[in-house]
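Below is one structure, written out as structure tokens, with a few remarks after it.
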Protein chains: 2
Amino acid sequence: MSDRRPVSNPLALAVLSLLYERPMHPYEMATTLREREKAESIKLRFGSLYSVIDRLEQEGLIRAGERIREGKRPERTVYHITEAGSVEMRDWLRELVSTPVKEYPQFEAALSLLPGLPPDEAIEMLELRGELLDGMIEQIDARHEQAANYGIPALFMIESDYRKRMLECERVWIRQLIEQMVEESWADIELLEGIPTWRQMHAERNGGDE
Amino acid sequence: MSDRRPVSNPLALAVLSLLYERPMHPYEMATTLREREKAESIKLRFGSLYSVIDRLEQEGLIRAGERIREGKRPERTVYHITEAGSVEMRDWLRELVSTPVKEYPQFEAALSLLPGLPPDEAIEMLELRGELLDGMIEQIDARHEQAANYGIPALFMIESDYRKRMLECERVWIRQLIEQMVEESWADIELLEGIPTWRQMHAERNGGDE
DNA sequence: TTCCGTATATTCGCTGACGAGTATACGGGG
DNA sequence: CCCCGTATACTCGTCAGCGAATATACGGAA
């Protein structure tokens, strides 16, 4: 582990918070999480469910309770959260809310390697991304409107409101970047760089390669 | 694998883009990446370096060249990018730039489980996060100023400019969320929810638990 | 000359992640 | 009453990820 958390898979947090509400058996956890569409905002891989539950139990954060058989279906073990589990859940949540962690969005990686693409191609791809972002934002809007009609309270929508805001923000940033690149205003920054140099670099690469 | 990419570790993309510049041996790749502080924007775990290189070679994206011995140091294998490797690199980059992928920031998970925290605590943690974000933004500013003084061109700073913008955006969003929560304006949303109900839920939990 | 701290260069072993597979049970249609 | 598609419930094997250990070399100080 060496991890910050005793069981670091985010699925574990979801499990804890379900059991904090009420005891459940594993399969019910999976269906409940699916019903609530938690997988939209949390990285949940249900293939890891049973191993996560085992580790939570070993750490004493949950405990196995009744084994119930309904009809001729296989026995199901109902799990309960323990006191230590409740503490862990709250502590984990507090940490996640209060402390920004360094994450590595793939787009950031791409930006830092952007010179690996010829500039015109880069611009083209950025434009495409912009359009796709627009589409995603629209989709979220539609879902929000629908939710409002169903009377779902805003408290249940903060995650997606947050995501929407971030997408909008990225969208604006990209628009501005494209503008700058098209104006070649990179060249203003004096010194070696700027779009012309970048373009030249790729032009030279044609012919004398590996 | 079953992955979108033949070698999906982001370190592989970094390796490809280094070898696209010039042939190198593994340790040199590591030091170069460190020098350029690529680990700021790309998730690089150098423990995976050699296994990534092996897989890249197996996939025919790079090939081992000369084995060089300098002084009495151990032999080092210099790797070259292949044509297929260049293609893969460009294609991967194009995809990363053009196509937004669903990622799972931990904060989003926290937001979607926020009701697991009593509301006053939630507000407190959000305020703390806000302050920490301010600090991070200042740090980026400082680095940018320094870079400008050294005459480092803006092209080399886009990743961090992007990150800065995202942080600022999150900061604003959080400020607004706190405002709304403090005003209890969640209650406006009519129906079951709102801060009062949320608070009550946690109050009831004292005494009749697992 | 000898020491040792730091750089060089790589290997290894554990463990978590998770897709894909398995097996049984229910229930509705024919 | 039988069939089979879908839901229920879980297991397993593989494999990538990566921290930590290892080992040797260099070079400056004493």
Task: Distance test, side-chain N/O of A:N9 to OP1/OP2 of C:dA17, below 4.0 Å - done: yes
Task: Residue-phosphate contact under 4.0 Å: A:R45 side-chain N/O, C:dA17 OP1/OP2 - done: no
Counting heavy atoms from C-beta on, name the nucleotide in [options] closest to the side chain of [X].
X: A:Y27; options: C:dT10, D:dA16, D:dT8; result: D:dT8
X: B:R76; options: C:dT10, C:dC18, D:dC18; result: C:dT10
X: A:Y50; options: D:dC10, D:dT8, D:dC18; result: D:dC10
X: A:R55; options: C:dT8, C:dT10, C:dA17; result: C:dA17
X: B:P26; options: C:dC18, C:dT10, D:dT11; result: C:dT10
X: B:K43; options: D:dC18, D:dC10, C:dC18; result: D:dC18

Task: Atom-to-atom span, CG of A:D3 to P of C:dC14 - whole angstrom - done: 19 Å
Open item on the list: Taking the axis from the first five pairs and the axis from the last five, what angle separates them in the helix from C:dT1-D:dA30 to C:dG30-D:dC1, rounded to 10 degrees?
Closed with: 10°
TODO: Among B:E159, B:E103, B:M166, find the residue that satisfies the side-chain contact (heavy atoms from CB on, under 4.5 Å) test when tested with A:P105.
DONE: B:E103
Task: Identified side-chain contact (heavy atoms from CB on, under 4.5 Å) counterpart of B:I137 within the set B:R165, B:E168, B:R163 - done: B:E168
Open item on the list: Looking at A:S17 and B:L113, would you say the former's side chain and the latter's main chain have a donor-acceptor pair under 3.5 Å?
Closed with: no
